[in-house]
Trainee: 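Following this message is one structure expressed as structure tokens.
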Amino acid sequence: MKILMIGSGGREHVLTWKLAQSPRVEKIYAAPGNGGMAELAECVDLSVEDIPGCLAFAKEHQIDLTVVGPEVPLVMGMVDAFEAAGLKVFGPNKHCAQFEGSKAFTKEFLFRHNIPTAAYKEYTDFDEIIKDLGVYGYPMVIKADGLAAGKGVLIPENETDARAGMEMIMKKREFGEAGDKVVIEEFLTGQEASMLCFVDGKTIVPMESAQDYKRAYDNDEGLNTGGMGTYSPNVLFADETLNKRIKAEILDPIINGFIADGMDFKGVLFIGLMIDNGVPKVLEFNVRFGDPEAQSVLMRLESDLVEIMEAVIDGKLADCEIKWSSKEAVCVVIASGGYPGTYEKGKVITGIEDVQDCVVFHAGTKLVNGELQTNGGRVLCVTALGETREAARKTVYANIGKIHFEGAQYRTDIAKFN
């Protein structure tokens, strides 16, 4: 098989790494790929948003399976274009990708199918939303409706900050068109958890669970990021009563809702949950693998990912046995100095070759004349398996100090419990 991987982040590197393990895979191309993916795939100078270019490449090189990693091309309709050309592609179509492309679309679906979530209201008029500030009390949750690269959620503590946030979104338009519509939600308390699921249109199968760390610094301090580390499995899901509630109150209604609404959702559904005293509620949907959740979760996947993806595309997920390692995984992100704010690119990376017993997934790197350099906010994801979470954690932190680039920063408390 020849595979085309769309994307250039840590998620796409781990997917490429896992797909390359399949005995059925002969060649992988990555568009555009990164410095780490270049060891497993031939990187092609194509933007993830260049749907005609990617489609032409897939036809010319007789690609057997295209895997769309990031959300932007999914929301743009890349899957629809490939399917229309008769090509096999993994990911949800444009209609289903609205679950990530529009917060309001997701909330309307959740309420329509009685799936537990926070109360909400949606707005397109600045003056109207200003009148309603604090409608659910403080802190309040403000979301730009569209895609905002993970930065479109604000949680102001008071009316002054809420007003400033709304001006930033709707007047200054810092998120562009994503802020044309805004969703206000009640603030939920509890513990956040990530659940990734394979979906084939009529069956939903949860993967092994993960826990993500969003804040930039130790002790959950600093700004929100795309994720500074993960571990799998998530200790919250050791509770079988909770798992039964999630299946009955969330997973079953989701797949029944897809069917009732005529949505042929095929791909990965990422469900963000808030769990408070054993009661689960949905925070958000994404329509692709989480990053860096995928790094921890896919490290533990023992089944052939190609076969799972084909089962999803063919609507045969129910017949697919998916095996997971009993070992535990820990992933720690090394980021550029200043992330998630302003940071510099082009810093030389050294020491990866000295890492042992870990896999280093590249999130923001590029090769320049054979030299590995930083090319993003989140740069590398150091990931290890262990018989216990603590063993995996020790392996990661024993190796992470071997990797160097100017300004490198990482959290020291990923997967650490007091």
Side-chain angles (χ1 to χ4, degrees), residues 99-100 102-111 115-175 178-195 211-230 234 236 242 250 270-286 290 293 339-341 411 413 418:
F99 283 118
E100 186 155 0
S102 169
K103 312 291 191 304
F105 182 87
T106 298
K107 296 297 286 192
E108 288 159 12
F109 174 87
L110 293 170
F111 267 76
I115 298 165
T117 187
Y120 82 106
K121 295 180 80 172
E122 55 187 80
Y123 304 83
T124 54
D125 181 77
F126 177 79
D127 293 329
E128 188 183 344
I129 199 170
I130 291 298
K131 285 184 209 163
D132 265 6
L133 290 181
V135 66
Y136 298 118
Y138 292 98
M140 69 180 290
V141 180
I142 301 172
K143 295 180 177 180
D145 182 60
L147 293 178
K151 299 174 183 175
V153 179
L154 307 177
I155 307 178
E157 298 279 348
N158 53 57
E159 185 175 337
T160 302
D161 290 347
R163 181 181 287 268
M166 285 316 311
E167 288 182 354
M168 183 185 82
I169 295 172
M170 296 191 95
K171 294 284 193 184
K172 297 177 184 174
R173 297 183 59 77
E174 292 211 8
F175 303 126
D180 287 350
K181 182 186 287 185
V182 170
V183 172
I184 285 182
E185 295 185 18
E186 70 172 316
F187 179 78
L188 297 180
T189 57
Q191 289 180 281
E192 280 193 52
S194 311
M195 179 171 273
Q211 177 64 51
D212 185 18
Y213 291 73
K214 286 290 187 194
R215 298 283 183 174
Y217 306 126
D218 285 7
N219 304 313
D220 288 331
E221 295 178 357
L223 295 172
N224 260 335
T225 71
M228 294 299 291
T230 54
N234 186 328
L236 288 172
L242 173 63
I250 295 172
F270 174 114
I271 308 170
L273 296 170
M274 183 66 81
I275 298 165
D276 189 19
N277 292 319
V279 179
K281 292 186 177 182
V282 175
L283 286 175
E284 63 175 351
F285 282 167
N286 293 324
E293 289 91 345
Y339 175 79
R411 284 182 57 158
D413 62 349
N418 296 326

Trainee: With N219, which residues qualify under side chain to side chain contact (heavy atoms under 4.5 Å, CB included), at least two apart?
Mentor: E221, D413

Trainee: If you define the side chain from C-beta out and look only at heavy atoms, does anything of I184 sit under 4.5 Å from Y120?
Mentor: no

Trainee: Check the pair L154 / M168 against side-chain contact (heavy atoms from CB on, under 4.5 Å), numbers first and verdict last.
Mentor: CA-CA 10 Å; L154 307 177; M168 183 185 82; 3.7 Å; yes

Trainee: Are the side chains of E284 and V153 in contact, using a 4.5 Å heavy-atom criterion?
Mentor: no

Trainee: To the nearest 0.5 angstrom, please state how far the CG atom of L273 sits from the CG atom of N234.
Mentor: 9.5 Å

Trainee: For S194, enumerate each residue passing the side chain to side chain contact (heavy atoms under 4.5 Å, CB included) test, keeping only those at least two apart in sequence or located in another chain.
Mentor: D212, F270, E293

Trainee: Does F126 have any ring-ring contact (aromatic ring centres under 6.0 Å, His included) partners at least two apart in sequence or in another chain, and if so, which?
Mentor: none

Trainee: Side chains of residues 186-193: which donor-acceptor partners sit under 3.5 Å, not counting sequence neighbours?
Mentor:
unit_1	atom_1	unit_2	atom_2	d
E186	OE2	A119	N	2.9
T189	OG1	D276	OD2	3.4

Trainee: If the condition is side-chain hydrogen bond (donor to acceptor under 3.5 Å, both in side chains), which residues does K143 pass it with, not counting sequence neighbours?
Mentor: E185

Trainee: Closest heavy-atom contact between G179 and I169?
Mentor: CA-CG2, 3.6 Å

Trainee: I need the full list of salt bridge (charged side-chain N to carboxylate O under 4.0 Å, His left out) pairs touching residues 154-164, with sequence neighbours left out, sorted by first then second residue.
Mentor: none

Trainee: Can you list the residues that meet the side-chain hydrogen bond (donor to acceptor under 3.5 Å, both in side chains) rule with K172, with sequence neighbours excluded?
Mentor: none

Trainee: Among residues two or more places apart or on two chains, list those pairs meeting salt bridge (charged side-chain N to carboxylate O under 4.0 Å, His left out) that have a residue in residues 119-138.
Mentor: K121-D132, E122-K181

Trainee: Under the ring-ring contact (aromatic ring centres under 6.0 Å, His included) test, which residues partner F105, sequence neighbours left out?
Mentor: H95, F99

Trainee: Identify the two heavy atoms, one from A162 and one from I142, that lie closest to each other, and give their separation to 0.1 Å.
Mentor: O-CD1, 4.0 Å

Trainee: May I ask you to say whether D180 pairs ionically with R173, meaning some side-chain N is under 4.0 Å from a carboxylate O?
Mentor: yes

Trainee: Which heavy atom in V182 sits nearest to a heavy atom in I129, and how many Å separate them?
Mentor: CG1-CD1, 3.5 Å

Trainee: Using a 3.5 Å distance criterion without hydrogens, assess whether the side chain of T225 forms a donor-acceptor pair with backbone atoms of P340.
Mentor: no

Trainee: Side chain of R215, backbone of L223: donor and acceptor closer than 3.5 Å?
Mentor: no

Trainee: Starting from the C-alpha separation in whole Å, work towards a yes-or-no answer on side-chain contact (heavy atoms from CB on, under 4.5 Å) for V141 and Y136.
Mentor: CA-CA 9 Å; V141 180; Y136 298 118; over 6 Å; no

Trainee: Apply side-chain hydrogen bond (donor to acceptor under 3.5 Å, both in side chains) to Y213 and list each qualifying residue two or more places apart in sequence or on a separate chain.
Mentor: none

Trainee: To the nearest 0.5 Å, what is the distance between OH (Y138) and OG1 (T160)?
Mentor: 8.0 Å

Trainee: Quick one: list whatever passes side-chain hydrogen bond (donor to acceptor under 3.5 Å, both in side chains) with T106, sequence neighbours left out.
Mentor: none

Trainee: K103 side chain to A144 main-chain N or O, any donor-acceptor pair under 3.5 Å?
Mentor: yes

